[in-house]
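Data block below; observations after.
Starting from 1, each residue takes its place in the sequence as its number.
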Amino acid sequence: MLAKPNNPRFSSGPTTKHPEWSIEKLNLESLGRSHRSKFSLSRIQELTQRTRDILNIPDDYLVAITPGSCTGAIEMAMWNLLGQRPVDIFSWGVFGNLWVRDIVEELKLPDIHLHQAEDGYLPDLNFYNPDHDCVLTWNETTTGVCVPNGDWIPENRKGLVICDATSAAFAIDLDWSKLDATAFSWQKCLGGEAGHGMIVLSPRAVERLESYTPHWPIPRLFRIKKDGKVIKVTFDGMTISTTSLLCIEDTLDALVWIQQNGGLSAMIQRSQKNFQAVEKWVSERSWVDFTGQDTKTRSTTSICLDLLDIPPESRRDLIHQIRDYLADETVAFDIAGHKYASPNLRIWGGPMVETEDIQRLLPWIEAAYKKFHPITVI
Ligand SMILES: Cc1ncc(COP(=O)(O)O)c(C=O)c1O
């Protein structure tokens, strides 16, 4: 009998909580109190400060909690900042395509340069024009393809770089000098709760905010500017709308765990180890491969695998059979890829996942594959 993972939670979002998480350990003192009370505010500010410390966010960058998870944070950035310059949009998966739709159909910008790639590929980043604004998703959770580095973004660029970093933050070393408005959520690498996001603004983004006003309306939930000036208190813990203090405590607990367990570099290593366990297993098999075609662009967090010798029309069905079987066996929950991506098996390999659990999962995937596709010689 194959050993089962101790923790079957391999969903790519919301993702599993850290290995020592327990609801009893959360500080519940702020619950039932105003989010503006001195105590609650101190907890929110502590969350922001620990985020800054772990991610090495420069002191002159602004950090705020946003409503609406990563979606809220990235839309806040686009609604407030875009429109002054042409925009290069790089998109290679479901989430990138959502931001394309926002820019094309909602904001209706006049000068859009769209650089898209099929699932498994990264668009050619050489098309980036530093005079333009740029919108991209650093790690496309739905295809397991991520940007390998920020070398292609010059520091003396004129446009802003707006980045959805939701399944990258806390698992890779983001180079803040290359990013002007960065969005992420707690429900990815932190194993936190959904519903809340974070936005990080560079001084250049603040300068844009204060010198330019888009011609479209800004919904209250995205409003971070008043009388031509950035609303500083929003970036000092005064959230725009009421925030969940239970989610704050849960995220604080994850941040403290990170700091007690080696900080960002240890989290990056944990995710890399998870990826390497899958990489070794894949390299020894001919029926499975990464969706990502270029080794340099393969995500260590959203690990997407393709079943090679299955006709495309039956691939999704087989993946669903594997997903359901492994969930029934409490081996793995939620390992089918996103429904709008090309069919893939998707294993979350973020820092809260234990490598031993991934190692235990892989033989089960093979067993399930053989069970539902028994004629293949492996
Ligand atoms: C890359 C990326 N961006 C944005 C989102 C949307 O996140 P949320 O639903 O938390 O707003 C996700 C969710 O999986 C994602 O993977």
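For residues 211-235, the salt bridge (charged side-chain N to carboxylate O under 4.0 Å, His left out) pairs, not counting sequence neighbours, are Glu210-Lys229. Residue pairs meeting the ring pair (Phe, Tyr, Trp, His ring centres under 6.0 Å) criterion with at least one partner in residues 40-64, sequence neighbours excluded, do not occur; the list is empty. Note on residues 320-345: pairs passing side chain to side chain donor-acceptor pair (under 3.5 Å), not counting sequence neighbours, are Asp119-Ser342. Here side chain to side chain donor-acceptor pair (under 3.5 Å) pairs that include residues 122-133, with residues two or more places apart or in two chains, are Asp88-His132, Asp124-Asn126, Asn129-His132, Asp133-Arg208.
Under the 6.0 Å cut-off for aromatic ring centres, Tyr121 and Trp92 do not qualify, their centroids lying 6.0 Å or more apart.
Proximity of a side-chain donor or acceptor of Arg360 to a complementary backbone N or O of Ala3 within less than 3.5 Å is not detected. Without hydrogens or angle criteria, Asp102 side chain to Leu107 main chain gives no donor-acceptor distance under 3.5 Å. Not one N or O on the side chain of Thr243 forms a donor-acceptor pair closer than 3.5 Å with the backbone of Thr239.
Inspection of the Thr301 and Ser299 side chains reveals an N or O donor paired with an N or O acceptor under 3.5 Å. Between the side chains of Thr300 and Ser271, at least one donor N or O sits under 3.5 Å from an acceptor N or O.
A distance of 5.0 Å separates CG in Asp253 from CG in Leu26, rounded to the nearest 0.5 Å. Ser185 contributes atom OG, which lies 4.0 Å from atom CD of Gln187 (distance to the nearest 0.5 angstrom). Taken from CG in Leu41 to CD1 in Ile248, the straight-line distance is 10.0 Å, to the nearest 0.5 Å. A distance of 12.0 Å separates OH of Tyr369 from CG of Leu305, quoted to the nearest 0.5 Å.
Scored by the salt bridge (charged side-chain N to carboxylate O under 4.0 Å, His left out) test, Lys296 finds Asp294 as partners (sequence neighbours excluded). Here Arg52 pairs with nothing under the salt bridge (charged side-chain N to carboxylate O under 4.0 Å, His left out) rule; sequence neighbours left out.
Between Trp176 and Ser202 there is no side-chain heavy-atom pair separated by less than 4.5 Å.
When each of Trp364, Trp287, Phe290 is checked for a ring-ring contact (aromatic ring centres under 6.0 Å, His included) with Trp281, only Trp287 meets the rule.
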